[in-house]
Amino acid sequence: MDDGFKTETFLRGPKLEDFEYLGCKVGQGTYGQVYKARRKDIPDDRSYALKEIESQGFSLSTCRETSLLRELKHPNVINLLGVILCHTDRKVLLLLDYAEYDLCQMIKFHKTSKKDKKPVKMAKGTIKSILYQILEGIQYIHSSGVLHRDLKPANILIMGEGIQRGRVKIADFGFSRLFRNPLKPLTEVDNVVVTLWYRAPELLLGDKHYTTAIDMWSVGCIFAELLTYEPIFSCRQENNRENSPYHHDQLDSIFRVMGFPLETDWEDMKEMPEYITLQEEFKPCNYSNNTLVKYMEKQNINPTSKDVAFLQKLLVMDPNKRITSEQALKDAIFQKEPFPTGDVFSGLEIPYPERKFVESDTSDRRGKKRKYSTTSGAQQSDQTQGQYGKQIRMSNPTTLSE
Ligand SMILES: Cc1ccc(-n2nc(C(C)(C)C)cc2NC(=O)NCCO)cc1
């Protein structure tokens, strides 16, 4: 972190006392709490996200995150608006876009809601616009020489009412970039379960020379889930060899949908570090009748549709044959109605509920006992923990600097 940035941040950046804490903690990331806040020093009706970094001062991860977010500026990437240094307890807070929704809660809404006893479907135009804006954000991230590595519905945020209504913002609430003890397994940090459902097969087979294609696999998983409201490669959490990238059950879940890749499908598969383990543990003949088209048909999605044809370009086992974000954005699917729109809700009423809260006790970040309320609304299963997994609201809203 250059001294100039620190000085600028301290002297001219926003101050904690400029904000009124709205009393709802909107998320417990794996390494920091995220609060919703509003400015009280100037007339500004926008909401902001204040991410409190749990480590003391500027840890390596904090430096990584702030320097990355200072560099990456795109309409479809979460925007770092400022860094707030709280000297009383040496806390660092990141001031970010506040996004009212994320794909986790949106998909859960469509999975569970009924109107006149019929499922409430996500509009085709909304699905296409979300997909298009994810691809635009990912194309920018990749063109900046960055891989996301943990794309999943919880990291796809959607802006609510306001000047950025219905805009996708790609974020990273996980820890894939955290500077962590290399001996810690990839699937767990500080007892936080990390979902493998969106992880590309080459990563599961130990590929160390992975490319931007890993994010395109995740985009395919997200697109499939937007069509069916079900994670396409879900599987139970498994224990595996310490620090091993190989996950038998996750690979089994992929093969059950895709079939087992033939030599001709993925020539370099035999070069993967975990290929011998794969041969020992899997019988290709057990997956011989499985195909993506058959899976989508079982999910009541028209197997001859352009959606399925596009999905087949994303969910390709061989990373070298997987479509890139540039190619995807030029696909015919985006050249036909409904065309993608800047507001994914295209002006229609937003059906998703605001965040609800229920009462419970917890101590605040300095151990002060305060009456808070928590929500179960956005609680997800471990595998699909939403960004806003646990939310609390202070019963007596106050500024964070109190
Ligand atoms: C240590 C670290 C943690 C998160 C990030 N990161 N990376 C990105 C992309 C989307 C630009 C790739 C976004 C973020 N950080 C966040 O999204 N922060 C807000 C929620 O914690 C970078 C570095």
Side-chain angles (χ1 to χ4, degrees), residues 1 5 24-37 47-84 91-105 130 133-159 164 167-182 184 186 189-190 192 194 198 210-212 214-216 218-219 222 325 365 378 385-391:
M1 180 72 48
F5 174 73
C24 51
K25 184 177 93 175
V26 290
Q28 173 68 41
T30 47
Y31 59 106
Q33 297 176 339
V34 181
Y35 297 85
K36 182 176 179 180
S47 296
Y48 295 90
L50 272 173
K51 175 181 178 179
E52 181 186 277
I53 306 289
E54 277 183 345
S55 58
Q56 292 288 312
F58 275 94
S59 66
L60 188 53
S61 294
T62 307
C63 291
R64 270 187 183 166
E65 181 169 21
T66 45
S67 48
L68 186 67
L69 292 179
R70 284 172 70 196
E71 291 305 314
L72 296 185
K73 297 296 177 188
H74 184 275
N76 298 121
V77 176
I78 193 164
N79 186 21
L80 178 66
L81 300 164
V83 177
I84 299 176
K91 276 290 174 196
V92 175
L93 294 102
L94 305 187
L95 185 64
L96 299 145
D97 288 317
Y98 175 75
E100 190 63 54
Y101 312 105
D102 63 73
L103 276 194
C104 240
Q105 57 162 169
I130 290 173
Q133 291 191 33
I134 292 173
L135 288 167
E136 287 201 305
I138 279 297
Q139 182 196 30
Y140 171 77
I141 290 170
H142 288 173
S143 66
S144 305
V146 176
L147 307 185
H148 190 291
R149 293 182 297 180
D150 194 22
L151 266 183
K152 56 189 176 185
N155 281 331
I156 305 297
L157 312 182
I158 313 267
M159 301 296 280
Q164 299 191 83
R167 183 178 289 176
V168 164
K169 297 280 183 182
I170 300 174
D172 185 351
F173 284 83
F175 71 101
S176 60
R177 296 167 202 290
L178 266 185
F179 182 78
R180 63 179 179 280
N181 171 348
K184 281 199 173 185
L186 260 173
V189 160
D190 303 335
V192 177
V194 177
Y198 308 88
Y210 51 83
T211 69
T212 55
I214 64 168
D215 289 335
M216 298 311 290
S218 306
V219 173
I222 293 168
S325 54
R365 53 192 171 88
Q385 177 79 33
Q387 163 195 359
Y388 304 111
K390 188 174 173 61
Q391 302 162 10

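Position 1 is the first residue of the sequence, and the numbers go up from there. Both counts, for ligands and for their atoms, begin at 1 and track the order of listing.
- Distances below 4.0 Å separate heavy atoms of L72 from the following atoms of ligand 1: 11 (C).
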query = Step by step, would you call I170 with N155 a side-chain contact (heavy atoms from CB on, under 4.5 Å)?
reply = CA-CA 6 Å; I170 300 174; N155 281 331; 5.6 Å; no
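- Considering backbone and side-chain atoms alike, S61 places every N or O at 3.5 Å or more from each N or O of ligand 1.
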task = Check the pair L81, Y98 against side-chain contact (heavy atoms from CB on, under 4.5 Å), reporting the backbone distance first and the verdict last.
result = CA-CA 10 Å; L81 300 164; Y98 175 75; over 6 Å; no
request  = Show your reasoning for whether side-chain contact (heavy atoms from CB on, under 4.5 Å) applies to D215 and I141.
outcome  = CA-CA 10 Å; D215 289 335; I141 290 170; 5.6 Å; no
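- With contacts defined as side-chain heavy-atom distances shorter than 4.5 Å, the pair M216/L135 qualifies.
- Below 3.5 Å of separation, one finds no N or O of R64 facing any N or O of ligand 1.
- Per-residue contacts place L96 under 4.0 angstrom from the following atoms of ligand 1 (heavy atoms of the residue considered): 19 (C).
- Ligand 1 lies within reach of L69, whose nearest heavy atom is under 4.0 Å from it.
- In this comparison of L147, I170, L157, D215, the heavy atom closest to atom 10 (C) of ligand 1 sits on I170.
- Side-chain atoms of V34 and F173, non-hydrogen and from C-beta on, do get closer than 4.5 Å to each other.
- Against a heavy-atom cut-off of under 4.0 Å, K51 is close to the following atoms of ligand 1: 18 (N), 20 (C), 21 (O).
- Of all heavy-atom pairs between T66 and L80, the closest is O-CD2, 3.9 Å.
- Counting heavy atoms under 4.0 Å from ligand 1, residue D172 touches it through both backbone and side chain.
- Close approach of ligand 1 to L68 is summarised as follows: ligand atoms under 4.0 Å from at least one heavy atom of the residue are 7 (N), 22 (C).
- Between S325 and H142, the shortest heavy-atom distance links the atoms OG-ND1, 4.2 Å.
- By the 3.5 Å distance cut-off applied to N or O atoms, H148 is not counted among the residues near ligand 1.
- Residue V146 does not touch ligand 1, judged by heavy-atom distances below 4.0 Å.
- Looking only at side-chain heavy atoms (C-beta outward), I134 and N76 stay at 4.5 Å or farther from each other.
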